[in-house]
Every structure is written in structure tokens, then in C-alpha cells.
Amino acid sequence: GARIRGPRLFGMAGALAVVLALVLINWPSGATAAVGPTDLSLTKSDSPDPVAVGGTLTYTIQVTNPNPSGGNDASNVVVTDTLPSQVDFVSATGGTCQRSGSKVTCDLGQVNAATTATVTIVVKPKKEGTLSNTASVASPDDAVLANNSATATTTVTKAAKGKGSCATPTITGTAGDDTIVGTARA
């Protein structure tokens, strides 16, 4: 009859184990949502508020795809923010950001279901007053447009004068004579 020899059986079992391992390694894991109709929303905050002329003002923009499990991902998500004329642009991060004039555009790509993407824009106010800045989000998959923009209003105050501190100095030292050396008054 047919007789299976030990080494041949182990060789076949080894080959089968390698094939099984390759299949498991390359098998997609975890659940992924499909791109499709969703409801993106945008919120915007400013910090600090108030801010002094010439100070650093940071706008934080959050795009949320709140769909719980079973919701869809959003593709080609783009945030647009037209900066007020009273600020100088410093930087923008989050996705792929670029600026043309006063318009900042950040391409976030795909925003998955149940996640939030953040864009941060830094500016320096040029004059005293009130700034109003609106950002918006767009995606071909966004089915609800009513919550796609938000505005931050910031108070800009006068810059502090360049005077030094008038605080009362506190001097502690060792017993005996001490010598204090300073600079001449201008």
C-alpha cells in the first residue's frame, strides 16, 4: 500500500504553513468605511482673545465627520479660510496647505467616519480693532451643508509700549559689602 514517510509529511505541512501565513499576513484587517454621503461639520476658535497688535493669533479649525460605526468616509475634503486684511499670514498646518493672497486652502484628503481633522493658521494682527474671520469646508460627499462654516471674532488691542518693568527690586545677598553694577540711563 501507500506509505507516507515522515520527512515528506513534514515538508508538506511546512509548505502549507508558509502559504497559510502569507495569506494571513496579506489579509485586510479591521473594518473600513466606504466613501459616500456623510455630514462634515466645521468649528473654529481663536487664541488668545484679546490679542495685542503684532502678537501671535492662532486660529484652530476642526473638521469633524461624526458618523458613528457604519458611517461613510468623506473624500477630497478642503478647508478654505480668507484672512482679514488686518493680519499678516505666518503659517498654516494640517493637510496640504497653501496661501494665495489672503486665501488659505488646506487639502485634508480623506476624513474617515468618526474622526476629526485639524487645521491651524497663525497670523499677526496689524491694527487695533475687531477681526472677523470665517472658514469653510467642502467635500463632494458632504450631504449637509448648513454646518460647513464658522466665524471667529477677535479683539485686537494696542501693542504694549517698549518700557521696561517698574517692579520693585528685591535684593538678597551675603553679609558684608556688596557691589551692584548696572547700566547708565539712556
Side-chain angles (χ1 to χ4, degrees), residues 21-160:
L22 288 174
V23 167
L24 290 175
I25 288 171
N26 291 312
W27 195 266
S29 62
T32 58
V35 169
T38 189
D39 176 18
L40 295 177
S41 64
L42 182 138
T43 59
K44 181 172 191 165
S45 61
D46 59 341
S47 179
D49 187 0
V51 63
V53 170
T56 299
L57 173 60
T58 302
Y59 292 116
T60 303
I61 302 162
Q62 293 190 310
V63 176
T64 302
N65 183 350
N67 291 324
S69 61
N72 290 322
D73 296 338
S75 65
N76 301 315
V77 178
V78 176
V79 169
T80 303
D81 189 332
T82 301
L83 300 174
S85 61
Q86 305 97 315
V87 301
D88 286 327
F89 174 82
V90 176
S91 66
T93 57
T96 303
C97 297
Q98 50 190 323
R99 178 180 62 102
S100 177
S102 62
K103 185 176 181 180
V104 177
T105 305
C106 295
D107 183 351
L108 301 178
Q110 183 167 308
V111 176
N112 294 332
T115 63
T116 298
T118 301
V119 171
T120 304
I121 299 174
V122 178
V123 298
K124 289 197 178 284
K126 298 189 284 189
K127 68 183 231 179
E128 182 181 3
T130 301
L131 297 175
S132 182
N133 181 241
T134 302
S136 61
V137 64
S139 166
D141 302 309
D142 193 3
V144 180
L145 305 180
N147 55 1
N148 286 12
S149 67
T151 301
T153 302
T154 311
T155 301
V156 180
T157 60
K158 288 182 182 178

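Numbers here simply count residues along the sequence, with the first being 1.
Closest heavy-atom contact between Ala159 and Val53: CB-O, 3.5 Å. Contact detail for Ile121 and Ala92: the closest heavy-atom pair is CG1-CB, 4.1 Å. The shortest non-hydrogen separation linking Cys106 to Gly94 is CB-O, 3.6 Å. Minimum heavy-atom separation, Pro37 to Asn72: O-ND2, 2.8 Å. The two residues Leu57 and Pro48 come nearest to each other via the heavy atoms CD1-O, 3.5 Å.
With 3.5 Å as the limit, one finds a donor-acceptor pair spanning the side chains of Thr64 and Thr116.
Here the straight-line distance linking atom CG of Leu108 with atom OG1 of Thr96 works out to 8.5 Å at 0.5 Å rounding. Note that CD of Gln98 is 6.5 Å distant from OG1 of Thr105, once rounded to the nearest 0.5 Å. Atoms OG and CG, on Ser102 and Asp81 in that order, are 9.0 Å from each other to the nearest 0.5 Å.
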Could you go step by step and tell me if Tyr59 and Val104 meet the side chain to side chain contact (heavy atoms under 4.5 Å, CB included) rule?
CA-CA 12 Å; Tyr59 292 116; Val104 177; over 6 Å; no

Asn65 and Asn112: CA distance, side-chain angles, deciding distance, side chain to side chain contact (heavy atoms under 4.5 Å, CB included) verdict:
CA-CA 7 Å; Asn65 183 350; Asn112 294 332; 5.9 Å; no

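Residue Gln110 forms a side-chain hydrogen bond (donor to acceptor under 3.5 Å, both in side chains) with just one option from Asp141, Asp73, Asn76, Thr115, and that option is Asp73.
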Output a table of donor-acceptor pairs, distance under 3.5 Å, between side-chain atoms of residues 145-157 and any protein atom two or more places apart or on a different chain; print 'none' if there are none.
{"residue": "Asn147", "atom": "ND2", "partner": "Asp39", "partner atom": "OD1", "Å": "3.2"}
{"residue": "Asn148", "atom": "ND2", "partner": "Val137", "partner atom": "O", "Å": "3.4"}
{"residue": "Asn148", "atom": "ND2", "partner": "Asp142", "partner atom": "OD2", "Å": "2.6"}
{"residue": "Thr151", "atom": "OG1", "partner": "Thr134", "partner atom": "OG1", "Å": "2.6"}
{"residue": "Thr154", "atom": "OG1", "partner": "Asp46", "partner atom": "OD2", "Å": "2.5"}
{"residue": "Thr157", "atom": "OG1", "partner": "Val51", "partner atom": "O", "Å": "3.4"}

Compile the donor-acceptor pairs under 3.5 Å between side chains in residues 122-130 and protein atoms, sequence neighbours left out, one pair per line.
{"residue": "Lys124", "atom": "NZ", "partner": "Thr56", "partner atom": "OG1", "Å": "3.0"}
{"residue": "Lys126", "atom": "NZ", "partner": "Ser85", "partner atom": "O", "Å": "3.3"}

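Taking the side chain as every heavy atom from C-beta outward, Ser75 and Pro140 approach each other to under 4.5 Å.
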